[in-house]
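All remarks here apply to the structure that follows.
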Amino acid sequence: MAEQPATKLTAGWDKPEFEYRPDDEYSSVLYACRELGRKLDICNETSDEVDRQISTDGKTNVIHEIQVEIKLPDSDVASLLKSSLDGLKFLTLTCTLVSAFDTCECARVLALLIQHHVELAEGQCPTSEQLLPLIIAIEARCQLSGFARHVVNYEIEILQELRAQNHETTSLCRLDKTPDGDAVVELVDLLLLLANGSREDCGISIYACRCVPWIAALVWWLYRKEPLVKLVSGEPRRLMAFNQPEAVVGITIVFQNHNDSSSPQTPEFIEIRALYSKEYREKSTFGLGPAKRYGGLVPINTYFHLMLSTFKLNKGKANEAAIKLIPYAPSAARKVTTSVEEAKTKARSTSASAPGSSCSTDWPNIASNGFEPFPSRDDIHRILHLVPGCEKKHMQDPRSKQMHMTLCEQAGADLFLRNEIYAADRAAWGKTELSAQFEDRDAPTEERLFLKQIAHVVATVLALSLFHDPEKLMEGCCDVTEWHRVCRMLAGERKEEEEEQEEQEQEESQKKGKGKQAEREKTMRDTIVSCYASQAVWPEITFKCEIPSGEESYLRLLWCWGHMYSRSSPNRRFTRVVGVDSRMDHVIIPKSLPEIATRLAPATTFTGQYQVEFRIKSHPTDERVLLCTMVAMIDGMQPSVCVDPSGVIKSLASAELLESCAHHPNASTDISAPLNIIAYSAAGTFNAEAVRPDVYLCSPEDPVPWLLDWAIRADDWDVLVVERGLWDLLCYARSLEKRPGTLAVVSVVGNDKVKFFTLAKPVGAHVAVRDRACVACCVEFCKKLQLSILVV
C-alpha cells in the first residue's frame with residue numbers, strides 16, 4: 001500500500017472561489033490525485049507539453065473602472081499540482097476529460113479511476129463530491145493544454161480518408177462526439193494495463209463511430225502511440241501508422257444506418273474488447289456521452305482547417321473556388337454596410353432636384369457618416385493569413401472592377417457552380433446532408449449552400465479581426481452560425497454541454513417558479529465581460545468611455561489570458577461581469593420634464609454639473625457574477641438611474657456622426673418658438689393645446705425619446721423583443737405620450753463621459769451625434785432625415 005502523508009500539508013481551496021490557501025481539508029484529495037498520476041505512467045513528452053501550455057506568464061491586466069484584475073496566479077491549485085511530476089501527469093489526464101464532460105462527470109470519472117488504481121486506507125478514497133471543487137479550479141487551465149487540437153487533427157484526417165474512399169456518410173456531418181464516462185474509465189484501465197505490462201495482453205480492440213477521433217487522440221495523448229484505425233466494411237485500411245506495434249490499439253469505425261425510415265434509429269454504441277490471449281477476451285459495450293460535441297480550445301488556423309474540412313471546402317475544385325472567393329467576400333460585406341450612406345446621398349439628391357427646391361438650402365452642407373462596425377483592412381488581412389490556402393492573399397481592393405459583381409458571378413465560384421465539367425466535383429462536395437450544416441426552410445440549392453458556407457468562414461474572419469492581437473487567441477471547437485454568435489462564443493459565453501445543463505435546471509426551476517429562470521437568462525444576455533477557459537473578453541468601448549472616431553470599429557474587442565479577480569478581495573474570482581440598467585423596468589423609468597429653449601448652443605445644458613462613474617456590486621444569487629452599472633450625479637446628488645454601459649453599442653449601430661459643416665463649430669442657433677410655451681403643467685401632464693416647437697431639451701439619462709423612436713420601428717416578434725423579454729417595455733413605449741416637439745436635443749457640453757452616458761440606452765434608436773458641425777446645421781439635418789434625437 002502506498003505510504004500515506006505523515007502530516008497534512010498546506011493544500012486546500014476555498015468554495016466557491018476554489019483558490020489555494022493554507023488548509024488541510026483536501027490534502028488527502030491532492031495526495032490521491034498525485035498517486036493516480038504516478039500509476040498512469042503517462043508519456044513525459046505529453047506532460048512537458050501540458051506544463052508549457054498551462055503555465056502563466058505572470059502578467060496582470062487591470063480593469064480599473066470596475067476594480068478587477070485578470071491573471072493566471074502562480075499559487076493556484078493547478079500550479080501546485082504541476083510542481084510535481086505525478087501531479088502534472090494527473091493534470092495531463094484531466095485535460096482530456098474536460099474536453100468531453102462537464103465538471104461533475106469529470107469528478108465522477110476520476111473518482112472511479114482512483115478507486116481502481118490507488119491503494120488507500122479505508123474511507124480515504126476521495127468521492128466525486130470532494131473532487132468537484134478541484135476540477136472546477138483547474139478546468140480552465142486544462143482547456144489550454146492543446147489536447148483538443150489533436151482531436152481536431154484526427155477528425156480532419158479520418159474524414160479526408162473516408163471521402164477519399166468515397167464512403168457513404170450522408171447522415172454524418174462531423175465525427176465530433178465523445179464516449180460516456182464509463183467507457184473512458186474502461187479504456188484508461190486497459191491502457192494502464194498495457195503500459196505497465198501487468199498482463200500478457202495482446203491489445204485493445206474498439207468499435208465506435210462518431211467518437212473515434214476523441215478516442216484516437218486519447219490513446220496518442222497518454223502514451224504517444226498511434227492507434228490503428230480502419231473501416232468495418234471492406235479491406236482494413238490503415239489511416240494512421242503507429243510506430244510501436246507492441247502497443248496494439250485497434251479502432252474500427254462502424255457506421256450505423258440512420259437513413260432507413262422503415263426501421264427505428266438505434267443508439268450509437270461503443271464496444272471495447274480486451275484481447276488477453278487468442279482464447280480469452282472480454283467485451284464491454286457503452287454509449288455516447290451527453291455532450292453535443294467535444295470541447296476545448298484550438299489555435300485559430302486549426303479551427304479554420306476544421307471548418308473548411310467540415311464544409312468539404314478543403315479539397316479539389318471546391319477548395320479552389322473557396323480560396324478565390326474568401327478574400328473577396330469581406331469587401332462585398334463591407335460594401336453592404338455603405339448602402340445606407342448611398343441611400344442617404346440619393347435622398348439628398350432627389351430632394352435638392354425637386355421642383356421649387358434650392359440646391360444650396362434644401363440640404364445643409366454637412367459631412368456625415370455612420371459609426372464603423374467593420375474591422376480595419378489590416379486586421380482582416382492578419383486573420384486571412386490564418387485560413388489554409390489564403391496565407392498570401394489579401395482582402396479584395398474595393399476599387400476592383402469585380403466589385404460590381406455578385407459573389408456567385410466571381411470567376412472561381414461561377415466556374416465551380418455552373419461548369420458541367422465540374423459536375424462530379426460538385427456532387428462529391430454536396431453529398432453531406434445539407435440540413436446537418438444549416439437550418440433552412442427552403443430546400444437549399446448548391447449555390448445557396450456554397451454561399452452560406454463562404455459566409456460562415458468570412459463571418460469568423462471578421463469576428464476574429466475585431467480582436468487586438470488575435471494571433472494568440474484560441475477558438476472553441478464548436479460550429480458558428482452568424483457573426484454575432486461567433487463573437488459570443490469567442491467571449492466564452494457558454495459551452496454547449498453547459499447550455500444543456502442550464503436548460504435542464506431551467507426546466508426544473510419552472511416547476512418552482514419562473515423568477516429564478518428569468519434572472520439566469522437576464523444574466524447571460526447582459527454579460528459585458530466573460531471569463532472562460534482562461535480567456536477574458538470584453539468590448540473595448542465599454543470602459544474606455546470614448547465614442548470612436550474615424551474608421552475605428554465600435555465593436556472592437558479586448559482579451560487577455562487569466563481568471564478574473566476582485567482587487568479588494570484577491571481570493572474572490574468572477575466568471576462574468578453583467579450590466580445593469582434600471583430603465584429596463586418601465587415602472588421606474590425616469591420621467592423628467594422636457595425643457596424648451598429659444599436659443600440652442602453647444603453650451604446649453606441643465607443646471608449643475610454631471611459626474612459620471614462606474615459602480616459595482618455582487619450578484620444577489622450568484623457569487624461568481626459581478627454587477628456593473630454607470631451612474632451620473634449632479635452636484636453630488638444621489639443618482640436616479642443605473643445605466644448598462646454596453647447599451648452604447650445599440651445606439652451607435654444606427655447613429656449618424658455629423659462631422660463638419662461650413663460654419664464655426666460653436667455657432668449658436670435661434671429657435672422659432674415663443675418664450676411662453678407651457679408644454680407641461682405643474683403636475684407633469686402634457687398639454688396637447690400648447691404650441692409645439694421644433695426642438696426641446698431632455699436630460700442625458702432620459703430614455704423616453706429612445707423608447708418612442710424604438711416603438712415606431714419595433715415589431716412584436718423582433719429579436720430584441722423576444723430574446724431579451726422586452727414585451728412589457730415595448731407596450732409601455734407605445735403607451736407614452738408624444739414629447740413637445742419633433743427633435744429631442746441632449747447637450748453633453750463636450751464631455752466625453754456624459755456623451756457616452758447619454759448614448760448608453762436600453763434600446764437602439766436613430767440618433768445623430770454632433771462632432772464639429774454647428775448646431776443649426778445639425779438640427780436642419782435631423783429634420784430632413786427625420787431623426788428624432790440629437791446629441792450635441
Side-chain angles (χ1 to χ4, degrees), residues 336-337 339-341 343-344 368-374 466 482-485 487-488 522 525-528 539-542 545-548 553-556 579-586 589-590 629-630 641-658 698-734 736 739 742-746 748 754-770 781-782 785-792:
V336 173
T337 64
S339 59
V340 175
E341 182 65 28
K344 193 190 312 172
S368 69
N369 221 329
F371 286 90
E372 183 59 64
F374 248 67
L466 293 171
E482 51 190 325
W483 188 0
H484 69 271
R485 176 172 169 78
C487 293
R488 293 204 308 269
K522 185 179 185 301
R525 288 193 306 261
D526 299 336
T527 297
I528 301 175
E540 181 182 33
I541 191 175
T542 305
C545 289
E546 295 179 5
I547 307 301
S553 170
Y554 61 84
L555 296 177
R556 197 76 165 164
V580 176
D581 199 317
S582 63
R583 299 167 301 183
M584 298 290 284
D585 186 352
H586 64 86
I589 285 180
T629 190
M630 287 181 70
V641 296
C642 298
V643 175
D644 179 358
S646 64
V648 71
I649 297 176
K650 303 182 185 73
S651 294
L652 296 183
S654 57
E656 284 286 331
L657 179 63
L658 310 185
C698 68
S699 63
E701 68 269 17
D702 189 355
V704 173
W706 271 261
L707 293 174
L708 290 171
D709 185 87
W710 174 58
I712 296 173
R713 296 178 291 103
D715 187 86
D716 292 353
W717 299 108
D718 187 270
V719 173
L720 182 65
V721 176
V722 176
E723 291 188 357
R724 294 183 61 84
L726 299 183
W727 173 249
D728 290 340
L729 186 62
L730 179 59
C731 291
Y732 172 78
R734 288 172 175 170
L736 288 171
R739 287 290 170 117
T742 57
L743 179 63
V745 178
V746 186
V748 297
V754 177
K755 179 187 291 187
F756 184 92
F757 179 85
T758 299
L759 292 170
K761 291 296 189 290
V763 294
H766 291 157
V767 185
V769 181
R770 174 183 172 272
F781 181 92
C782 291
L785 224 61
Q786 297 183 343
L787 301 177
S788 56
I789 304 165
L790 172 63
V791 179
V792 299

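All figures in this text were calculated on a predicted structure; none of them were measured in a lab.
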Restricting to non-hydrogen atoms, name the atom on Arg583 and the atom on Pro762 that form the minimum distance, rounded to 0.1 Å. NH2-CD, 3.8 Å

Please test Phe757 against Val641 for side chain to side chain contact (heavy atoms under 4.5 Å, CB included), starting from the C-alpha separation and ending with a verdict. CA-CA 11 Å; Phe757 179 85; Val641 296; 4.2 Å; yes

Between Leu466 and Pro373 the two heavy atoms that sit nearest each other are CD2-O, 3.9 Å

Quick one: side-chain contact (heavy atoms from CB on, under 4.5 Å) partners of Thr758, sequence neighbours excluded? Pro700, Trp706, Val746, Val748, Val754, Lys761, Val791

Could you report the tightest heavy-atom contact between Pro645 and Ile528, atom names first, then the distance? CG-CD1, 3.8 Å

When you compare the side chain of Val643 with that of Phe756, does any pair of heavy atoms fall below 4.5 Å? no

Distance from Met584 atom CE to Asp728 atom CG, nearest 0.5 Å? 11.0 Å

Non-hydrogen atoms of Ala744 and Cys698 that approach each other most closely: CB-SG, 4.2 Å

Can you list the residues that meet the side-chain contact (heavy atoms from CB on, under 4.5 Å) rule with Leu736, with sequence neighbours excluded? Val704, Leu707, Leu708, Tyr732

Atom CD in Glu372, atom CZ in Arg556: separation rounded to 0.5 Å? 11.5 Å

With heavy-atom distances below 4.5 Å as the criterion, would you say the side chains of Leu785 and Ser368 are in contact? no

Taking side chain as C-beta onward, heavy atoms only, is Glu540 less than 4.5 Å from Pro548? no

Between Cys642 and Thr629, which heavy-atom pair has the shortest distance, and what is it? CB-OG1, 3.0 Å

Ile649: which residues meet the side-chain contact (heavy atoms from CB on, under 4.5 Å) condition with it, sequence neighbours left out? Pro539, Ile541, Tyr554, Leu555

Going by the rule side-chain hydrogen bond (donor to acceptor under 3.5 Å, both in side chains), which residues pair with Ser646 if we only count those two or more places apart in sequence or in a different chain? Asp644

By side-chain hydrogen bond (donor to acceptor under 3.5 Å, both in side chains), Thr542 pairs with (sequence neighbours left out) none

Taking all heavy atoms of Ser654 and all of Ala765, pick out the closest pair and write down the distance. OG-O, 2.9 Å

Looking at side-chain heavy atoms only, is the closest gap between Ile547 and Leu657 below 4.5 Å? no

Gap between atom CG of Leu787 and atom CZ of Phe781 - 0.5 Å precision: 6.5 Å

Residue list, side-chain hydrogen bond (donor to acceptor under 3.5 Å, both in side chains) with Ser788, at least two apart or on another chain: Asp709

